Undergrad: 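Sharing a structure, written as structure tokens. Questions coming.
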Amino acid sequence: MQTRNRKPILAVVSPFIDKQHGTERCVAEQIGFLADEFEIHVYASRIEDLPAECVIWHRVPIPPGPEVIRYPGWLLANATVRSWDRLRGLRPDVLYSPGANCLRPDVVSVHALFPKIRQSADLVARNDIRGSLSLARRVHRWLYYRLAERMERAVYRRKGLRLIAVSKRTESELRKLFGDDLKTAVSYHGVDAKLFSPGTRQELRDAARHELGLQSDSIAVLLIGNDWAAKGLATLVEAVRSIGNDRICILAVGDELVRRFNLGHPGTSSVDVRALPKRSDVEFYYSAADIYASPSLEDSFALPVLEAMACGLPVITSSAAGVSEVIHRGEDGIVLDDPRDISELARHLQHLAADSAARRRFGENAARTASQFTWEQNARELRSVLIQVLDH
């Protein structure tokens with residue numbers, strides 16, 4: 001990197017930043033580690049969970065309305081604000097975006113791909129558990145996803161762009177969609193060991209289970225995420241139903257689940273499924289759980305699986321989730337080759353529910369594996385790419 005009398009200026013473009021969502025949490029953690037070396041300007045509608053001294057915030061308003069209006073409105077708004085700042089003399093050395101949030105970024109971290117998201121939306125349309133998706137909503141989703149796909153094509157094919165994928169699976173999809181000549185790297189998510197650890201889980205466990213009304217002999221299977229179709233909630237429910245063990249209950253955490261499906265309403269299912277809202281102290285849910293199960297049909301990474309591992313929970317996921325790349329099958333987690341195989345999922349759940357020693361063994365191994373993945377390492381990997389841009 002060239003010798004400078006000032007910190008290099010890093011501009012980050014993201015609709016919002018907080019530590020309650022996977023992509024945004026990653027960006028927040030990266031900023032925290034990079035703030036000493038870079039002057040960081042954030043273009044976002046809101047920022048939370050970041051010390052004020054870490055960044056200079058440029059507020060970008062997002063217009064109200066459906067996503068098909070909000071997304072292009074956001075693109076236009078952040079381009080306008082950045083152009084105005086440039087006229088006033090602010091010229092970033094590197095422009096960084098988590099996803100396709102602007103037309104000419106230098107570095108993009110890819111946490112999801114809209115062609116894959118659209119496939120998940122198609123699953124929702126085919127497997128809607130309550131017929132709750134209206135025709136208007138389906139049309140809106142189709143239009144929004146098509147618009148986002150066009151934006152991805154415009155951005156990700158640009159010559160010289162550095163792309164950072166959250167898994168090898170996502171890197172492979174990028175190359176398949178946009179060409180083998182892309183400049184890509186892979187950087188897995190990290191985990192905050194202060195929040196997610198076996199010790200924290202043990203400390204909070206009794207109080208969390210009491211608050212959720214779980215009996216001492218209940219086996220709580222946790223799944224976190226709003227996109228119930230992609231996360232495999234329907235398969236999980238059917239697997240638990242096939243076991244026929246009323247000690248097993250499902251904790252399905254996600255605001256969309258509460259708002260749209262209300263799966264926990266008495267009498268709606270022979271399976272005890274509790275639809276629970278997201279909360280800032282998400283470690284509360286990991287502490288209450290006995291097993292984490294996410295038979296994902298599509299997931300670029302799936303951060304909650306890694307967080308669950310860090311807490312010492314036995315985890316079940318699928319090969320369709322990027323996080324499966326860090327799991328040693330049969331040692332620190334269970335990976336389903338077919339996320340829709342109800343019988344295989346039921347067999348693993350039944351074994352873990354009945355064998356506390358197996359749960360403990362998987363959980364201990366999982367915690368050791370997860371400890372290798374830190375946000376500091378993730379930020380170092382981003383820094384390496386940023387330095388390449390500065391030195392170019």
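Every value quoted in this text rests on a predicted model; they were computed, and no experiment measured them.
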Undergrad: Rounded at 0.5 Å granularity, tell me how far CG in Asp272 sits from SG in Cys249.
TA: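 Answer rounded to 0.5 Å: 5.0 Å.
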Undergrad: Kindly give the heavy-atom pair with the smallest separation between Pro63 and Arg70, and that separation in Å.
TA: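 So the minimum-distance heavy-atom pair works out to O-CG, 3.0 Å.
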Undergrad: Would you say that Arg329 contacts Ile334 through its side chain, given a criterion of any heavy-atom pair below 4.5 Å between the two side chains?
TA: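 Arg329 does not reach Ile334 side chain to side chain.
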Undergrad: Between Thr23 and His21, is there a side-chain donor-acceptor contact under 3.5 Å, judged purely by atom types and distance?
TA: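 No, because no side-chain N or O of His21 sits under 3.5 Å from a partner of the opposite role on Thr23.
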Undergrad: Quick one: are the ring centres of Trp57 and His41 less than 6.0 Å apart?
TA: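 Ring centroids of Trp57 and His41 are no less than 6.0 Å from each other.
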Undergrad: For Pro198 and Ala367, which heavy atoms make the closest approach, and how far apart are they?
TA: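 Where Pro198 meets Ala367 most closely, the heavy atoms are CG-CB, 3.8 Å.
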Undergrad: What I'd like to find out is whether the side chain of Glu39 reaches to under 4.5 Å of the side chain of Leu10, using heavy atoms alone.
TA: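 Of all side-chain heavy-atom pairs linking Leu10 with Glu39, none is under 4.5 Å.
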Undergrad: Examine Ile342 and Leu223 and state if one hydrophobic cluster contains both, with Ile, Leu, Val, Met, Phe, Trp and Tyr joined whenever side-chain heavy atoms are less than 4.5 Å apart.
TA: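 As far as the 4.5 Å side-chain criterion goes, Leu223 and Ile342 are not connected within one cluster.
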Undergrad: Are Asp85 and Arg82 close enough for a salt bridge, meaning some N to O gap below 4.0 Å?
TA: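 Looking at Arg82 together with Asp85, the answer is no, because their closest N to O distance does not fall below 4.0 Å.
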Undergrad: Do Trp84 and Ile62 sit in one hydrophobic cluster, given that two such residues count as connected whenever their side-chain heavy atoms are within less than 4.5 Å of each other, even indirectly?
TA: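 Different clusters: Trp84 never reaches Ile62 through Ile, Leu, Val, Met, Phe, Trp or Tyr contacts under 4.5 Å.
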Undergrad: Would you indicate whether the side-chain heavy atoms of His348 and Leu336 approach each other to under 4.5 Å?
TA: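 Leu336 vs His348: side chains touch.
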Undergrad: Is there a path of hydrophobic side-chain contacts, each under 4.5 Å between heavy atoms of I/L/V/M/F/W/Y residues, joining Val60 to Ile56?
TA: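 Different clusters: Ile56 never reaches Val60 through Ile, Leu, Val, Met, Phe, Trp or Tyr contacts under 4.5 Å.
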Undergrad: Indicate whether any N or O donor in one side chain lies under 3.5 Å from an N or O acceptor in the other, for Gln377 and Arg380.
TA: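 Side chains of Gln377 and Arg380: pair found under 3.5 Å.
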Undergrad: What's the spacing between His210 NE2 and Gln215 CD if we round to 0.5 Å?
TA: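 Output value for this atom pair is 11.0 Å.
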Undergrad: Any side-chain heavy-atom pair from Leu390 and Phe38 closer than 4.5 angstrom?
TA: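 The answer is yes; the side chains approach within 4.5 Å.
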Undergrad: Mind checking the CG-CD1 spacing from Leu34 to Ile31? Nearest 0.5 Å is all I need.
TA: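 Spacing of CG (Leu34) from CD1 (Ile31) equals 8.0 Å.
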Undergrad: Does the distance from a Lys or Arg side-chain N to an Asp or Glu carboxylate O, for Glu29 and Lys19, drop under 4.0 Å?
TA: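 Looking at Glu29 and Lys19, the cut-off is met.
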Undergrad: Could you tell me whether Arg104 atom CZ has more than 12 heavy atoms of other residues or ligands within 6.0 Å of it?
TA: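 No, the 6.0 Å shell around CZ holds no more than 12 heavy atoms from other groups.
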Undergrad: Is it true that Leu204 and Val221 fall in one hydrophobic cluster, defined by side-chain heavy atoms closer than 4.5 Å?
TA: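 Looking at the clustering, Val221 is in a separate group from Leu204.
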Undergrad: Quick test of your reading of the model: are Arg360 and Asp355 salt-bridged, counting only N-O distances below 4.0 Å?
TA: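 Judged by the 4.0 Å cut-off on N to carboxylate O distance, Arg360 and Asp355 do not form a salt bridge.
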Undergrad: Hey, are Trp74 and Asn101 close enough side-chain-wise for a donor-acceptor pair under 3.5 Å?
TA: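 On atom types as modelled, these side chains qualify, holding a pair under 3.5 Å.
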Undergrad: Under the salt bridge (Lys or Arg N to Asp or Glu O under 4.0 Å) rule, what do Asp18 and Arg46 come out as? Steps first, then yes or no, please.
TA: CA-CA 8 Å; Asp18 63 22; Arg46 63 177 174 85; 3.3 Å; yes
Undergrad: Measure from NZ or CZ of Arg279 to the centre of the six-membered ring of Phe284 and say whether it is under 6.0 Å with the direction within 45° of the ring axis.
TA: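 Judged by the rule (NZ or CZ under 6.0 Å from the ring centre, within 45° of its axis), Arg279 counts as positioned above Phe284.
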Undergrad: What are the two closest non-hydrogen atoms of Leu352 and Arg359, and how far apart are they?
TA: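 Looking at all heavy atoms of both residues, the closest pair is O-NH1, 2.7 Å.
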Undergrad: For Asp290 and Ile219, which heavy atoms make the closest approach, and how far apart are they?
TA: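 Minimum heavy-atom contact is OD2-CA, 3.4 Å.
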Undergrad: Give, for atom CD of Glu24 and atom OG of Ser14, the distance between the pair rounded to the nearest 0.5 Å.
TA: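 Atom-to-atom, Glu24:CD and Ser14:OG are 5.0 Å apart.
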Undergrad: I'd like to check the ring pair (Phe, Tyr, Trp, His ring centres under 6.0 Å) partners of Phe114; sequence neighbours left out, ordered by chain and number.
TA: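 For Phe114, the residues satisfying ring pair (Phe, Tyr, Trp, His ring centres under 6.0 Å) (neighbours in sequence not counted) are Tyr144, Tyr145.
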Undergrad: Compute whether any side-chain donor of one residue and acceptor of the other, for Ser343 and Asp341, lie under 3.5 angstrom apart.
TA: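 Yes - a donor-acceptor pair under 3.5 Å links their side chains.
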Undergrad: Any salt bridge (Lys or Arg N to Asp or Glu O under 4.0 Å) pairs touching residues 229-239, not counting sequence neighbours?
TA: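 Sorted result for residues 229-239: Lys231-Asp299, Glu238-Arg241.
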Undergrad: Are Ser83 and Thr80 close enough that a side-chain donor and a side-chain acceptor fall under 3.5 Å?
TA: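 Looking only at side-chain atoms, Thr80 and Ser83 do not form any donor-acceptor pair under 3.5 Å.
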Undergrad: Check for a donor-acceptor pair, side chain of Lys176 on one end and backbone N or O of Glu171 on the other, with a separation under 3.5 Å.
TA: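 Absent.
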Undergrad: For the OH atom of Tyr285 and the SG atom of Cys311, what is their distance to the nearest 0.5 Å?
TA: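 That separation rounds to 14.5 Å.
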Undergrad: Tell me whether Leu76 shares a hydrophobic cluster with Tyr71, the cluster being built from Ile, Leu, Val, Met, Phe, Trp, Tyr side chains joined at under 4.5 Å.
TA: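 Shared cluster, no.
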Undergrad: What closest approach, in Å, do Arg169 and Glu325 show between heavy atoms, and which atom pair accounts for it?
TA: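 Taking every non-hydrogen atom into account, N-OE2, 2.8 Å.
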Undergrad: After noting the C-alpha distance and the side-chain angles of Glu37 and Lys7, does the key distance pass the salt bridge (Lys or Arg N to Asp or Glu O under 4.0 Å) rule?
TA: CA-CA 6 Å; Glu37 187 170 352; Lys7 292 181 179 180; over 6 Å; no
Undergrad: Check Ile9 against Asp93 and note the closest heavy-atom contact, atom names and distance.
TA: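 It is N-OD2, 2.7 Å.
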Undergrad: Between Gln30 and Asn378, is any side-chain donor less than 3.5 angstrom from a side-chain acceptor?
TA: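 Yes - a donor-acceptor pair under 3.5 Å links their side chains.
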